[in-house]
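Order of the sequence lines sets the chain letters (A, B, ...), proteins ahead of strands, with each chain counted from 1.
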Amino acid sequence: MKYEHKILEEKWHKKWEQTGVFHASNESDKEKYYALIEFPYPSGQGLHVGHPRSYTAIDIIARKRRMQGYNVLYPIGWDAFGLPTENFAIKNHIHPKIVTEQNIARFKKQLISLGISFDWSREINTTDPEYYKWTQWIFLQLFQHGLAYKKEMAVNWCTSCKCVLANEEVINGGCERCGSEVVRKTKSQWMLKITAYAQRLIDDLDLVDFPDRVKAQQKNWIGRSTGMQVKFATTTGDIVEIYTTRPDTMYGATYMVMSPEHPLIEAWKDKLSNMDVICAYKEEAAKKSDFERTEVVKEKTGVELKGVSGINPLTGKEIPIFVSDYVLVSYGTGAIMAVPAHDARDWDFAKKFQLPIIEVVQGGNPKKEAYTETQKGIMVNSGILNGLTVEQAKKKIISYLEEQGIGHTKVNFKLRDWVFSRQRYWGEPIPIIHCDKCGQVAVPENQLPLELPDVDSYEPTDNGESPLAKMQDWVNTTCPKCGNAAKRETDTMPQWAGSSWYYLRYMDPHNSEALASSQAMQYWASVNWYNGGMEHTTLHLLYSRFWNKFLYDIGIVPFKEPYAKRTSHGMILGENGEKMSKSRGNVVNPDDIIREYGADTMRIYEMFIGDFEKAAPWSTSSIKGSRRFLERFWNLQSIMINEDSLRIKFEGSFHKAIKKISEDIETLKFNTAIATLMALLNEIYDSGSVTKGELTLFTILLNVFAPHICEEVWERSNLGEGMVCQHVWPTYDEEKCVDKTIEIVVQICGKIRSRLKVAADIEASAAIAAAKADKKIALEIAEEQIIKEIYVPGKLVNIVIK
RNA sequence: GCUGGUAUGGUGGAAUCGGCAGACACAAGGGACUUAAAAUCCCUCGGUAGCAAUACCGUGCCAGUUCAAGUCUGGCUACCAGCACCA
């Protein structure tokens, strides 16, 4: 009776599919549970060993919940639009649709081979017109509510993908996907007004159970800051509004800086004596990429505006105005007051241009560096603020400036609107028609889905237009409003569109009347547990929270937040501790592992590898330990004795194991849950036999981790009705988890000197007496003066001597 | 620079509230079985000293609190991730 993983795993995949045990029902009396993993992008490389880490973890949760009596929805689908597929299609002259189909077929086979308990009857695909019909429908809702708009603006342009990128997709000045250089380009782009939701995206983090690091990262990205907008007069009689978070330091403002794009500079062109130099500087700045402009290490540059000065509203003094690219036009008012004594950037600039540095908060040495501490330090050289703390000064100056009518408090966010168009083929067409008379007109709902036309060439164009622009038959249409000739929008949506609402479609995937019925959304709302990668924190996770909130506002979705609980798995690294990649040659193919060791071993290994939330290097030798464990479990069948009960000597161990495993699964400590099972198995092995009752209980516990082998053992040894996965999750008896006699440690001054076996419920005085009676202890304390005696119940006695 | 995190044997990692550091594995070494190998089973496995019982040292570094610190406090160092001229 050999453990033949290949045969038995395939057998159970078929059985699960035939019986439909993992299908969720929209009509059930049971309590619902919605478990979700990030649906994969079906890339040409096939499944990565990182995928099963997340899928298996949530599979364990889903399987446990079913056994606990819940109606569980654990769905799967394909996030299939995107550039790699399109690039592959171009290179190999195959339609992206075909490439997608092939990739999905491979992924599906791989996922099935892992034995994840997905409900395959709800499989979705973002590139299916029946799916993207609703992606387009949501876009039209955004458009009709003024949250989708087209704007001429400077965008991030990937030189290799020949396509614009959202701010979230630019990593260190490079493309998130291909790493190529990203440059600035002015283009007319569709934008989504995510900034309208900035505050709520922060506030509603209080409603959800996300890891702190995820919440912190989202808050960071949204970047809320409270400051003041203050009007500075100029010698030309104009007003320059500046934004500052440190109004308390205003007496120390010795100059001002405007960003090169600030409109007042153009307006002043006749008054500026050095306009030629300024124009040259502006041109220079415009040429730079965002990355170059925001590089911190570089030296500050700038030009003084000769002929115009600002006036510090507190001191009344004239101060010079500079133009410099260290001030960004897109944040605040595009102009600042500079307080070199208390701002590192202003300090650098002031040093270079030899501008006065006036200390207004005591405590630092402004001659050497900017002093930015706000907790200690008293105001000086600051008129009405002298002698106050920074905190007090802030309050006082805010009310003063407000009274004077020259300033008001203002909240600013770093978050920018979401650049939503892409100049590529393989994405959802944006359902808008441009009419000379009517402007931008929505494609009527009854014409959705607006399907991607078949094109001969999907090559991105060098002029920055979508390949769709070449399809004259498709582009030329009539205006739905006036009937005149009009042109279709040729840009497509970014990959993030389809994934921004997919969790809703799973609730009711075959609905042709709505994205999902309101009953279905009511029943399944919201996702109970969502696991995914940290890399999506400021992309997919933020975007889908935004769409959900919008759909909630217009009455489509009945809940404010899509995901009640989010967890994040660590990456699986290559054997050398580096990120797995083809170029590093350290990629492990899950197919190879499954072929050699079986899916159950793969699952056990990936759950045992270490802390679920941390990165872990792959180890080919360690995986053998997981296989050995399953072999030993398999071999229990040959030493089984036909007796239904648990033997007394194992009662405690089993009850403790149920408790530990039940708790560990909930807190993502799969590694220690498996360690508990290993220890329990070792204990049983040492006794030389296992009762049927013990094997039954062990199989139920192991089943969520290694389902195939457990079903097989369950069936062969005739352990119970139906399949293990349909069995009830066991409960434990708290009383049986407690040992009757325990070993306690006896310490002298905190150093271990002896061990004692005592009754678990021993009184403190009796424990101490027993400790003192111990031969070794008695000898050591005989001559000594005892200062203190401590008994920690169930743990130790500590005798402190002089 | 800011935010979040991490640091424990040869390796991956355990260790509720401060209470036996190293669970569970991997690797390594030794042994049994075997003609042999693989597989399996048994033993050893943080360091130093010792025949041994045992003693001392040991959780990145330096202090502190405590009967007792991997765990708490203060101060560092290194690394990982995210953000970064956001005023």
Protein-nucleotide distance ([X], atom [atom1]; [N], atom [atom2]), rounded to Å:
X: A/W221; N: B/A84; atom1: CH2; atom2: P; result: 5 Å
X: A/N798; N: B/A69; atom1: CG; atom2: P; result: 10 Å
X: A/D664; N: B/C24; atom1: CG; atom2: P; result: 15 Å
X: A/K614; N: B/G82; atom1: NZ; atom2: C1'; result: 18 Å
X: A/I623; N: B/A25; atom1: CD1; atom2: C1'; result: 13 Å

If you measure from the C1' atom in B/C20 to the same atom in B/A14, how many Å do you get, rounded?
14 Å
When we call it a touch if two heavy atoms are under 4.0 Å apart, what does [X] touch: a base, just sugar-phosphate, or nothing?
X: A/N671; answer: sugar-phosphate
X: A/K219; answer: nothing
X: A/R632; answer: sugar-phosphate
X: A/D611; answer: sugar-phosphate
X: A/K776; answer: sugar-phosphate
X: A/S225; answer: sugar-phosphate
X: A/A344; answer: nothing
X: A/R628; answer: sugar-phosphate
X: A/I609; answer: sugar-phosphate

Please lay out, stage by stage, how A/E261 and A/K282 fare under the test salt bridge (charged side-chain N to carboxylate O under 4.0 Å, His left out).
CA-CA 7 Å; A/E261 296 87 352; A/K282 282 178 59 159; over 6 Å; no
Short N-O contact, A/K656 and A/E735, less than 4.0 angstrom
no
Taking atom types as they are modelled, would you say the side chain of A/K795 forms a donor-acceptor pair with the base of B/C20 within the 3.5 Å cutoff?
no
